[in-house]
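Down below is the structure, laid out as structure tokens.
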Number of protein chains: 2
Amino acid sequence: MPRRAAPEPKPPEPSTKEQLLTAAEELFCKVGYEGVSAGDVARLAGVRKSLVFYYFGNMAGLFEAVLERYYAAHTQALTGVLSADDDVRTRMHGLVDAYLDFMASHARYASLVQAQLANPNLHPMVEKNFGLLYHLVEGALLEVAPRTGRAASRQLFVTVSGAVINWCTYAPLLSRLMGDDLLTGPLLEERRAHIHWLVGLVLDALEREEETAAKARPGAKLNAKPGAKLNAKPNAKPPAKPRQRAAARR
Amino acid sequence: MPRRAAPEPKPPEPSTKEQLLTAAEELFCKVGYEGVSAGDVARLAGVRKSLVFYYFGNMAGLFEAVLERYYAAHTQALTGVLSADDDVRTRMHGLVDAYLDFMASHARYASLVQAQLANPNLHPMVEKNFGLLYHLVEGALLEVAPRTGRAASRQLFVTVSGAVINWCTYAPLLSRLMGDDLLTGPLLEERRAHIHWLVGLVLDALEREEETAAKARPGAKLNAKPGAKLNAKPNAKPPAKPRQRAAARR
DNA sequence: GAACAACTTGACCGATCGGTTCATTTATTC
DNA sequence: GAATAAATGAACCGATCGGTCAAGTTGTTC
């Protein structure tokens with residue numbers, strides 16, 4: 001049986017380690033960290049249980065390796081959009097597209113991560129990556145949203161990220177209620193349109209509130225962030241640019 | 001040691017069964033269904049492990065009993081608001097208040113339920129209760145929202161329910177990032193105001209779309225739901241009535 | 001082909017798991 | 001206070017858990 005492919009460049013067969021990672025990924029996503037045994041993982045990978053400990057030391061090491069693999073893809077999927085120098089509106093719509101595409105294609109992870117986020121003593125790697133995402137997005141939102149109040153940037157973060165991730169975590173259940181798959185085809189596109197619509201409504205309202213606040217304030221007051229302007233038309237469709245990746249998928 | 005209070009009306013001390021239920025509730029919420037052993041539950045309740053099986057048969061029975069207890073409170077918390085004959089706007093704002101109050105005070109459950117919802121082979125009791133909530137809320141939303149499209153009632157359901165529940169499931173992590181508790185005090189009230197604001201934005205937009213659609217359609221077209229009107233002023237603050245419970249808390 | 005490292009196997013360990021069994025205690029009823 | 005049923009404690013079971021270990025196989029390098 002072929003089971004090795006260390007430095008040979010020709011046959012890129014998955015190594016035993018990768019097979020274990022893939023099997024662990026599937027099981028962790030299906031039943032959570034607890035509830036998965038080393039024997040389960042090894043059986044699904046078609047190897048012996050002891051190899052789990054040979055490659056990863058213990059179950060926690062295996063879990064970390066799976067998380068590491070996931071967050072590498074996760075970070076790579078979002079960094080481009082978040083670091084672009086477009087205006088906030090474009091960046092937000094781009095983030096929605098990138099985040100939704102990534103979560104829809106890694107839907108099983110969504111449940112795993114959300115279960116971890118709810119865990120009171122969660123893994124430091126999860127906390128680190130979530131905090132990174134939080135500060136990036138909330139920081140971008142601060143350009144157009146106040147720090148506190150009903151439209152606070154932290155509130156928008158939870159709402160928008162939840163709008164993306166909950167669609168994916170509820171997918172197995174909702175697909176049964178709606179009679180079609182939520183993560184591909186028209187229902188995913190409907191979700192995409194919904195979140196873009198919602199983000200547009202919110203940004204429009206923020207722009208209106210900023211305008212009335214500017215009208216009420218005579219001179220140059222020092223409280224609000226200066227020059228924070230949305231440079232796209234109110235509730236216009238998201239610019240065509242970030243849609244290209246979305247159109248490629250599906 | 002006092003450990004029984006079957007038909008005696010005088011001392012309402014918690015029975016052993018109730019002590020086990022409470023202990024199980026706490027542990028299930030903390031580490032999920034998997035990851036909790038019968039010995040753990042019994043130890044926390046201060047009784048022997050065999051009593052778990054004496055009262056509940058097996059671990060699955062214990063889990064069902066905990067879920068049953070939870071969904072009874074959950075249903076009772078929402079039925080009043082959902083069955084009221086107020087207009088849709090009032091019902092939606094009332095639902096937000098009731099749901100947010102319930103989830104904030106049962107925050108540990110939020111994680112448990114969300115982890116269950118993400119489970120591909122979830123418990124029938126969870127599916128039943130979620131489906132019930134879905135059909136109730138989505139049905140109410142159908143009075144003002146279309147069945148499909150970017151503003152579909154099903155889309156609004158996921159967005160709004162996620163806006164409530166994610167605040168509670170992310171609470172342990174976000175509280176660390178924000179430096180204050182998310183589930184009590186000003187941050188909870190900020191969340192409440194945010195969701196009400198968001199719901200107002202959405203209902204206003206739906207009203208506007210309905211108006212322009214009615215203008216574009218000359219006679220009495222047969223496609224849309226007739227007489228579906230929001231009978232409150234656009235983006236007015238939610239009526240004072242449903243706030244009383246919210247004001248009573250904290 | 002000897003030496004070596006990387007990889008793999010299968011047997012094994014103590015601990016804990018869900019669950020059972022049974023004797024004992026407790027409260028209730030007559 | 002005897003009888004009875006509910007409630008409880010303690011020991012126990014087979015299975016499985018995470019993890020270890022020594023021996024074996026395989027490919028690489030001289």
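Each chain gets a letter, A, B and so on, in the order the sequences are listed, and its residues count up from 1. Because the structure is predicted, anything quoted here is derived from the model rather than measured.
- Here D:dT8 is the nucleotide among C:dG10, D:dT8, D:dA10 with the atom lying nearest to any side-chain atom of B:Tyr55.
- Atom CG in B:Leu51 sits about 12 Å away from atom C1' in D:dA6, given to the nearest Å.
- Under the ring pair (Phe, Tyr, Trp, His ring centres under 6.0 Å) criterion, A:His106 pairs with A:Phe102, not counting sequence neighbours.
- Applying the side chain to side chain contact (heavy atoms under 4.5 Å, CB included) criterion to B:Val31, with sequence neighbours excluded, gives B:Val36.
- Scored by the ring pair (Phe, Tyr, Trp, His ring centres under 6.0 Å) test, B:Tyr33 finds B:Phe28, B:Phe63 as partners (sequence neighbours excluded).
- Under the side chain to side chain donor-acceptor pair (under 3.5 Å) criterion, the residue pairs touching residues 21-31 of chain B are B:Thr22-B:Arg69, B:Glu25-B:Arg69, B:Glu25-B:Arg108, B:Glu25-B:Tyr109, with sequence neighbours excluded.
- Residues from residues 23-31 of chain B lying near DNA chain C, meaning a heavy-atom separation below 4.0 Å, are absent.
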Sequence-aligned protein contact record of nucleotides 12-19 of chain D, with B where the base is within under 4.0 Å of a protein heavy atom and S where only the sugar-phosphate is: -----SBB

Atom pairs and distances, donor-acceptor, side-chain atoms in residues 49-60 of chain B, under 3.5 Å, two or more places apart:
unit_1, atom_1, unit_2, atom_2, d
B:Asn58, OD1, B:Ala60, N, 3.3
B:Asn58, OD1, B:Gly61, N, 2.8

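- Pairs of residues two or more places apart, or lying in two chains, that qualify as side chain to side chain donor-acceptor pair (under 3.5 Å) and include a residue from residues 129-139 of chain A are A:Glu138-A:Ser153.
- For C:dG10, one of the phosphate oxygens OP1 or OP2 lies less than 4.0 angstrom from a side-chain nitrogen or oxygen of A:Arg48.
- Remark: C1' of D:dT20 and CZ of A:Phe56 are 18 Å apart, rounded to the nearest angstrom.
- Of the candidates C:dT21, C:dT8, D:dT8, the closest approach to any side-chain atom of B:Ser50 belongs to C:dT21.
- The distance between atom OH of A:Tyr54 and atom C1' of C:dT8, rounded to the nearest whole Å, is 9 Å.
- Under the side chain to side chain contact (heavy atoms under 4.5 Å, CB included) criterion, B:Leu136 pairs with B:Leu82, B:Leu132, not counting sequence neighbours.
- D:dA7 atom P lies 12 Å from atom CG of B:Leu20, rounded to whole Å.
- By the 4.0 Å N-to-carboxylate-O rule, A:Asp101 lies close enough to A:Arg192 to be salt-bridged with it.
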